[in-house]
Each structure stands twice: as C-alpha cells, then as structure tokens.
Enquirer: 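I'd like to ask you about the structure that follows.
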Amino acid sequence: MSVTVDFHFDPMCPFAYQTSLWIRDVREQLGITVNWRFFSLEEINRGEGKKHPWEREWSYGWSLMRIGALLRRTGMSQLDAWYAATGRELHTLGGKPHDPAVARRLLGEIGVDEAVLDAALADATTHDDVRADHQRVVDAGGFGVPTLFLSGQCLFGPVLVDPPTGPDALKLWSVVSGMAELPHVYELQRPKAPADAELIGRSLRPYLDGRDWVSINRGEVIDVERLAGQGGSPI
C-alpha cells in the first residue's frame with residue numbers, strides 16, 4: 001500500500017527544514033510519496049495594519065514559494081529540488097536565498113532557467129497557489145510549520161533538530177504515522193531542558209546568520225539570539 005504525505009513548509013522556517021531532511025530520509029527508505037505544499041509564516045504572523053505578503057513586490061518566504069508554485073506545475077520533483085536548494089542555502093550555509101540574486105543562482109544550480117523567477121512574479125496565479133495551500137492548513141486549525149497531512153489527519157510537527165536517519169528515522173516515522181491513526185490524540189510534547197535549548201541554539205546559527213527578518217512564533221518575538229548563546233536582545 002502506497003503512503004502519501006503532504007508536507008507544508010515555509011522556506012524561512014529552520015524547524016520545517018530539519019523535519020524535511022528527516023522525511024526525505026524516510027522516503028528514501030520506504031518509498032513514500034512526499035507532496036510539498038506551502039504555508040506562509042509572514043501571513044499567519046502578520047501584524048494588524050501591515051501588508052499581506054502578496055501585496056508586496058517581494059516577500060521573503062512568499063516569493064520563494066511563488067517560484068516553487070510555478071516549478072510544481074512542471075513537476076513535484078522541481079519543487080522538491082527547489083526546497084532542498086533554498087533550505088540548504090539558508091539553514092545549512094547561512095546564505096540568503098530570499099535575496100533575488102541568490103534565488104536566481106539557486107535556480108541555475110538545480111538546472112532551471114533563472115527567468116523562472118521573473119515568470120513566477122509576473123504570474124498572479126502563483127499567489128493563488130500559495131494562498132490555497134496556506135488556507136488548507138488554517139482551515140484545519142493549523143498555525144505553523146512543519147504541518148503534515150497523513151491518513152486524513154493534520155499534524156503539526158514533528159519539531160526537531162539533528163534529524164534522525166536510518167533506523168532512527170523509521171522509529172520516528174512509526175510514532176508520527178501511529179499518531180495519525182489515532183485522531184483524538186492531540187498533543188505529545190517534550191519539555192526543553194537547558195541542554196536542549198543550547199542544542200537548538202547551535203542548530204539555529206546558520207539561520208541566524210542568513211535571515212533578514214524578525215522571528216515570530218504565534219504572535220510573540222522569539223529570542224533566538226539567547227538560544228544561540230549570544231546574549232543578544234530579542235529579534
């Protein structure tokens with residue numbers, strides 16, 4: 001029996017990227033199908049009176065997802081490669097895929113014409129594609145990424161760093177797929193000890209170097225500089 005997972009992501013989110021590395025490992029081992037879908041942190045955390053991301057000429061995550069939406073029309077494999085490239089640039093290398101010049105370079109690196117960026121921004125229907133994916137999560141009660149749709153269930157998470165591989169990746173898959181089969185199990189959470197916060201901070205370091213935005217979670221500014229051990233003020 002084939003298994004399909006819809007994986008909603010925002011390329012800006014470091015935790016969604018970590019989870020995407022895990023789901024790719026599971027896919028490699030089990031042959032599951034992963035459909036990449038979108039969700040906008042810029043929109044869900046938009047302050048009152050601020051512009052929607054689709055009202056701006058260029059929005060960090062939203063515009064990258066519009067490029068992905070156009071690529072997805074050609075094939076899911078192109079969006080797969082695009083998310084892998086933008087995620088690695090930001091969350092592993094500390095680069096800036098949200099800079100249009102860097103985005104053009106990354107398109108070339110995955111074998112796609114750099115003009116796709118201009119075509120995606122000129123095509124207003126790419127807004128519709130991203131908005132529809134985003135709204136699907138909101139309508140299901142979702143609020144962030146990673147969000148998975150599996151076995152008819154909407155699940156937030158798993159939220160992780162240092163994503164497991166090999167047999168450990170499959171252990172986590174068993175937990176996630178098992179939870180999807182129990183629709184009235186709503187939450188399982190591990191408290192974060194100081195050592196966990198330190199590990200998370202180290203993992204976020206490339207993201208901190210690359211991002212050009214304020215990090216917000218459910219309306220609250222996140223002091224990720226503190227998590228990274230830099231003693232900085234909240235961002």
Side-chain angles (χ1 to χ4, degrees), residues 1-11 13-41 61 64-88 91-92 106-107 109-112 116 120 125-126 128-189:
M1 178 180 177
S2 62
V3 175
T4 298
V5 181
D6 287 355
F7 188 115
H8 287 256
F9 72 94
D10 185 313
C13 179
F15 297 110
Y17 178 66
Q18 293 289 321
T19 305
S20 77
L21 297 178
W22 162 73
I23 202 71
R24 289 175 186 273
D25 190 275
V26 173
R27 180 177 65 183
E28 182 68 22
Q29 296 186 71
L30 299 183
I32 65 172
T33 297
V34 179
N35 291 327
W36 302 105
R37 305 294 181 189
F38 308 116
F39 182 84
S40 175
L41 296 175
L64 293 178
M65 290 187 284
R66 290 182 68 194
I67 297 167
L70 191 61
L71 293 173
R72 189 171 64 186
R73 295 177 189 177
T74 299
M76 189 63 73
S77 62
Q78 286 201 357
L79 175 53
D80 185 289
W82 176 239
Y83 182 30
T86 56
R88 179 176 181 271
H91 303 297
T92 301
L106 294 174
L107 283 168
E109 289 179 1
I110 65 171
V112 175
V116 165
T125 65
T126 58
D128 300 332
D129 289 358
V130 178
R131 201 157 31 220
D133 280 3
H134 175 89
Q135 193 61 43
R136 180 195 188 196
V137 175
V138 173
D139 289 346
F143 49 80
V145 287
T147 289
L148 310 182
F149 282 82
L150 173 64
S151 301
Q153 297 295 311
C154 174
L155 302 175
F156 175 69
V159 177
L160 49 87
V161 297
D162 190 20
T165 60
D168 285 345
L170 298 186
K171 287 180 185 178
L172 179 56
W173 172 251
S174 295
V175 172
V176 173
S177 57
M179 186 171 178
E181 295 173 4
L182 299 167
H184 297 141
V185 176
Y186 295 106
E187 188 168 335
L188 174 67
Q189 189 172 47

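Residue numbers count from 1 along this sequence.
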Enquirer: Could you report the tightest heavy-atom contact between C154 and T147, atom names first, then the distance?
Expert: SG-CG2, 3.6 Å
Enquirer: If you compare all heavy atoms of F7 against all heavy atoms of S20, which two are closest, and at what distance to 0.1 Å?
Expert: CZ-N, 3.6 Å
Enquirer: List the atom pairs, donor and acceptor, that lie under 3.5 Å between side-chain atoms in residues 22-37 and the rest of the protein, sequence neighbours left out.
Expert:
unit_1: W22; atom_1: NE1; unit_2: A169; atom_2: O; d: 3.0
unit_1: R24; atom_1: NH1; unit_2: D80; atom_2: OD1; d: 2.7
unit_1: R24; atom_1: NH1; unit_2: D80; atom_2: OD2; d: 3.4
unit_1: R24; atom_1: NH2; unit_2: D80; atom_2: O; d: 3.0
unit_1: D25; atom_1: OD1; unit_2: Q29; atom_2: NE2; d: 2.6
unit_1: D25; atom_1: OD1; unit_2: G166; atom_2: N; d: 3.1
unit_1: R27; atom_1: NH1; unit_2: D80; atom_2: OD2; d: 2.6
unit_1: R27; atom_1: NH2; unit_2: D80; atom_2: OD2; d: 3.1
unit_1: Q29; atom_1: NE2; unit_2: G166; atom_2: O; d: 2.9
unit_1: N35; atom_1: ND2; unit_2: D6; atom_2: OD1; d: 3.2
unit_1: W36; atom_1: NE1; unit_2: D80; atom_2: OD2; d: 2.9

Enquirer: Quick one: pull up OG1 in T165 and CG in L172 and give me the separation to the nearest 0.5 Å.
Expert: 11.5 Å
Enquirer: Distance from M65 atom CE to D133 atom CG, nearest 0.5 Å?
Expert: 9.0 Å
Enquirer: V116 and W82: side-chain contact (heavy atoms from CB on, under 4.5 Å), yes or no, with the steps?
Expert: CA-CA 12 Å; V116 165; W82 176 239; over 6 Å; no
Enquirer: So how far is it from T86 OG1 to L64 CG, rounded to the nearest 0.5 Å?
Expert: 6.0 Å
Enquirer: Nearest 0.5 angstrom please: H134 NE2 to D10 CG, how far?
Expert: 10.0 Å
Enquirer: Go through it in stages, so that I can follow the logic: the residues are F38 and L79, the test is side-chain contact (heavy atoms from CB on, under 4.5 Å), and I'd like the CA-CA distance, side-chain angles, deciding distance and then a yes or no.
Expert: CA-CA 11 Å; F38 308 116; L79 175 53; 3.8 Å; yes
Enquirer: If you count the non-hydrogen atoms of other residues, nucleotides and ligands that lie under 6.0 Å from CG in L188, is the total more than 12?
Expert: no
Enquirer: Looking only at heavy atoms, which two atoms of L70 and A120 are closest? And how far apart?
Expert: CD2-N, 3.6 Å
Enquirer: Start with the C-alpha distance between M179 and V176, add both sets of side-chain angles, then the distance that settles side-chain contact (heavy atoms from CB on, under 4.5 Å), and finish with yes or no.
Expert: CA-CA 5 Å; M179 186 171 178; V176 173; 5.8 Å; no
Enquirer: Only one of L107, V112, L106, T126 passes side chain to side chain contact (heavy atoms under 4.5 Å, CB included) with I67; say which it is.
Expert: L107
Enquirer: With the side chain counted from C-beta on, respond yes when F15 and V161 share a heavy-atom pair under 4.5 Å apart, and no when they do not.
Expert: yes
Enquirer: Got a sec, which residues hit ring pair (Phe, Tyr, Trp, His ring centres under 6.0 Å) with H91, two or more places apart in sequence or on another chain?
Expert: Y17, Y207
Enquirer: Determine the minimum heavy-atom distance between A85 and I110, stating which atoms define it.
Expert: CB-CG2, 3.8 Å
Enquirer: Side-chain contact, heavy-atom cut-off 4.5 Å: L160 with T19?
Expert: yes
Enquirer: What are the two closest heavy atoms between S177 and L150, and how far apart are they?
Expert: CA-CD2, 3.8 Å
Enquirer: Is R136 salt-bridged to D139, going by a charged N under 4.0 Å from an acidic O?
Expert: no
Enquirer: Measuring from atom OG1 of T125 to atom CZ of R66, what distance do you get when rounded to the nearest 0.5 angstrom?
Expert: 8.5 Å
Enquirer: Drop me the distance from C13's SG to H8's NE2, to the nearest 0.5 angstrom.
Expert: 14.0 Å
Enquirer: Would you check if the distance from the ring center of F9 to the ring center of F39 is below 6.0 Å?
Expert: no
Enquirer: If you compare all heavy atoms of Q153 against all heavy atoms of A180, which two are closest, and at what distance to 0.1 Å?
Expert: CG-O, 3.0 Å
